[in-house]
Amino acid sequence: MGEICFKAESISTGYSPNLISNISFELHNGDIMGLIGRSGSGKTTILDTLTGLKKPNTGTISIRSKDSILAPGKAIGYSPQENALFPYLTLEENLLTFGKLNGIDEKEVKERALGLLKQLDLTEHKKKVIANFSGGMKKRADLAVTLIHDPEIIILDEPFVGLDISIRKFIWNLLAGLSRRGKIIIISSHILSDIQIYCNKFGLVYRGCYYGTEALLETLKKSNEKSLEYYLEFLFEKEIMD
Amino acid sequence: MINPIPLTSACLKGFLRNKKQILLLIVFPLLLISSLFFSFSPEGLQKTPVGLVQNSDSFNFTDYEADYFPYLEVTEYAGLDECLEDLKEYKLYLCIETNYAHTHIINLYFDNTREPIIWQIIQKIKGSVNLIQNEKSAELAGQIIGDIGSKSDHLEAYQSSIREAQRDIDSYIFALDRYISSLRSARKELSDTKASMDIMVSEIKSAKKTFQNEESALYSSVISRLDNTQKSISAIENASPENLAVLSMVSSEISATKQAMVEHQSLSNNYLNTFDSKIGEYEKASREWDIILSELDREISNLENTRRSLILHKETLRRAESDLELVRKDLNLIKSIDPENLVNPINLLNYPTYIPESSGILDEKKEMDKEDKIKAAIQGLNFISLQTLFPTILILITLFLSLLVSSFICLNEINSPANKRIKLIKNIFISEVLSIYISSLLIISVPVTCVILAGQYLFQLSIFPNLGAIIPLLLLLSSIFILMGLALALTIKKESWTLMLNTFLLIFFIIFSGFILPVERMNEASALLASNSPGKIALNAFNKAVFYSQPAGTLVNDFLTLSFWLFLMLILVIAAKRYRA
């Protein structure tokens, strides 16, 4: 796939009092956007809207390649906060099911699964039922299923909850690799240090408003705070105090 | 459209790997079905505790207990109040009180809070009492018929005597006929002879008269001529005396001739007189013959009258014999009547139209002996009752499983973590519904097949020959309830609420399908709803197919109504999906 542009224009989503408005961004191949905000601020709502699970109240979302508009279903790989897998199916069966549901033939799914399992170090667990997986394994499995149809845009909602630092690093490295391959990645996380390190684009959900990369960096500049993490921590504390 | 097979496979695997669900929706229903099938005894009701209060010395209930009431566990009580007290403590189902007032009276005091089983017990007791009643009455009637039989033998002897008398009369009539015939021929001969004699005498009389006339005329003429001749001779004598001698000789000759003529006349008259006297004698005899002939006629007439009387008597005897024959036939008819039929001139015989070949229970040509009758009265038609119960069980199981399994699978999918990922796939709805539908159908098919096999082999129903109608029927019914369960799950999403609503729905469909409450007892609106409910329609169609082997063509209306329900459910599913979206 060549040039991809994932664009959100003046999106407003959610319902009052959790209405988030003014969501606008444009992502291109290799971009990793970190979506940050306090718990319950509406990050998942935004991600659900971006994936097409939720209809936006206003605004448009488009995925364009050079000469065509892509359907969000096949172009997006979404890993929700909770692992979106069939718990009573093996990892291999999950991969096969979702691969086939995304219109890929069995042979190709198997080939891709083999590569993904190897990449995610899950080959020996492919015959195990998901319900018996540990948290880290589940997340990796979920990532494998997210990537099975080779999406151009990968959206991950809080992928690091409950994971130790080694798995976090493993996943970030994987995502960096995918980004290098031209994939667009949107990731929501509370681990602001990781976001600051790995992401080149940002989105902040703060008091029902969305602040894009430029706005955020400008504010950061104005505040004379060098670390985004410290600045956001200050902002969030202020929000709690208010 | 997205291929539904991967999702179906995932649904099925997800369901089958969840032991709790397998236990709840496959194992438990199968255990329930098995226990249901094996808990009903084909022997019918088990021993029922009843109280007995005997106020009649002439009728001892306990004498009949072993033979006619083996299904009762009888406890004797001194008084009715004590018995009723135990009944109200649910120790007894009913109190039997025997009394005598010109006739034996059996009072049954029953616990009507235990319907409908109490009616089955009462029905059985009634059946047994009827058997005793019939047997006793038949015994008495048998005695009476025996007496009538001996009277019939006497009648036969009377008939035989009458027949003998008839034969005697016949021989008399025959003899009389002979006499009459002889007399008639004798009379005829006599009459004919007399008639010919009369003709002859008449001819003789006429000849005699002619002769007499002619002779008299001849005499007169001869005498006159002789006289004239004499006168002529006298004249000649006077005129010519020379010839006197000759003339005198001629004259004497003429006188002599005249004398001879007179003498001849006299002789002739004598002869004629004799003739007349003989004719007179004959005429006298002829008159006597007439008297004899009329006497003969009289006698013949008398004989004929006697013959007629004899014939009349014979006819009277024949009629008497015929009457006796009729009486004898009537008596024989009475003798040939089964005493039981005499006791029960009007019998209400029930012939169920569904008689399974394998049962051999109801062979109307087969005469039931006493033991069979008692057995039939006690057991009723339990095997057929169980057979007729089977479709209700099958339909209920299909209904129950379809609704619950589809709800479970749908809820599994809705509440599955994987659902969020599934929802990402565009136009997945049809495949999602299809996968739930196919999975539910496949899961349900296991217990339903088990029930069908039980129906074929345990209940001996002719299911296999009618599979052409039964499979589409069950498919339609399951589809309706699968979609109903699906629509519910899609609308409510929450497991506990969905299952609770499913339970209420099941109760509703059980009540309004005539499974528990008969449709016939409902008011018009409810009956209309119940008789068109999918359960009821499927039950009727199944019964038609299994019990009467009706071809699929005759079930078109049922299929159409079920298809309408299916269409309605499809709309409901789409509406639920829209509501959910």
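Protein chains get the first letters and strands the later ones, always in sequence-line order, with residue 1 at the start of each.
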So which part of A:Asp48 gets closer than 4.5 Å to some heavy atom of chain B, the side chain, the backbone, both or neither? side chain
Return the CG to OH distance between B:Leu424 and A:Tyr78, rounded to the nearest 0.5 Å. 8.0 Å
Donor-acceptor contact present, side-chain B:Arg421 to main-chain A:Ser79, <3.5 Å: no
Quick one: of A:Leu96, A:Val129, A:Ile130, A:Thr97, who has the most non-hydrogen atom pairs under 4.5 Å with chain B? A:Thr97
Given that the side chain runs from C-beta out, which part of A:Glu82 has a heavy atom under 4.5 Å from chain B: side chain, backbone, both or neither? neither
State, to 0.1 Å, how close A:Leu101 and B:Asn3 come at their nearest heavy-atom pair, and which atoms those are. CD2-O, 4.2 Å
Of the backbone (N, CA, C, O) and the side chain (C-beta and beyond), which part of B:Leu16 lies under 4.5 Å from a heavy atom of chain A, both, or neither? neither
Top of B:Ile422, B:Ile428, B:Ile5 for chain A proximity - count of heavy-atom pairs under 4.5 angstrom: B:Ile422
Taken to the nearest 0.5 Å, the spacing of B:Ser416 OG from A:Tyr88 OH works out to 10.5 Å
Using side chain to side chain contact (heavy atoms under 4.5 Å, CB included) as the criterion, point out the one residue from B:Asn412, B:Asn419, B:Leu7 that pairs with A:Phe86. B:Leu7
Can you measure from OG1 (A:Thr44) to NZ (B:Lys420) and round to the nearest 0.5 angstrom? 6.0 Å
Heavy atoms of A:Leu89 and B:Gly14 approach each other most closely as CD1-N, 3.8 Å
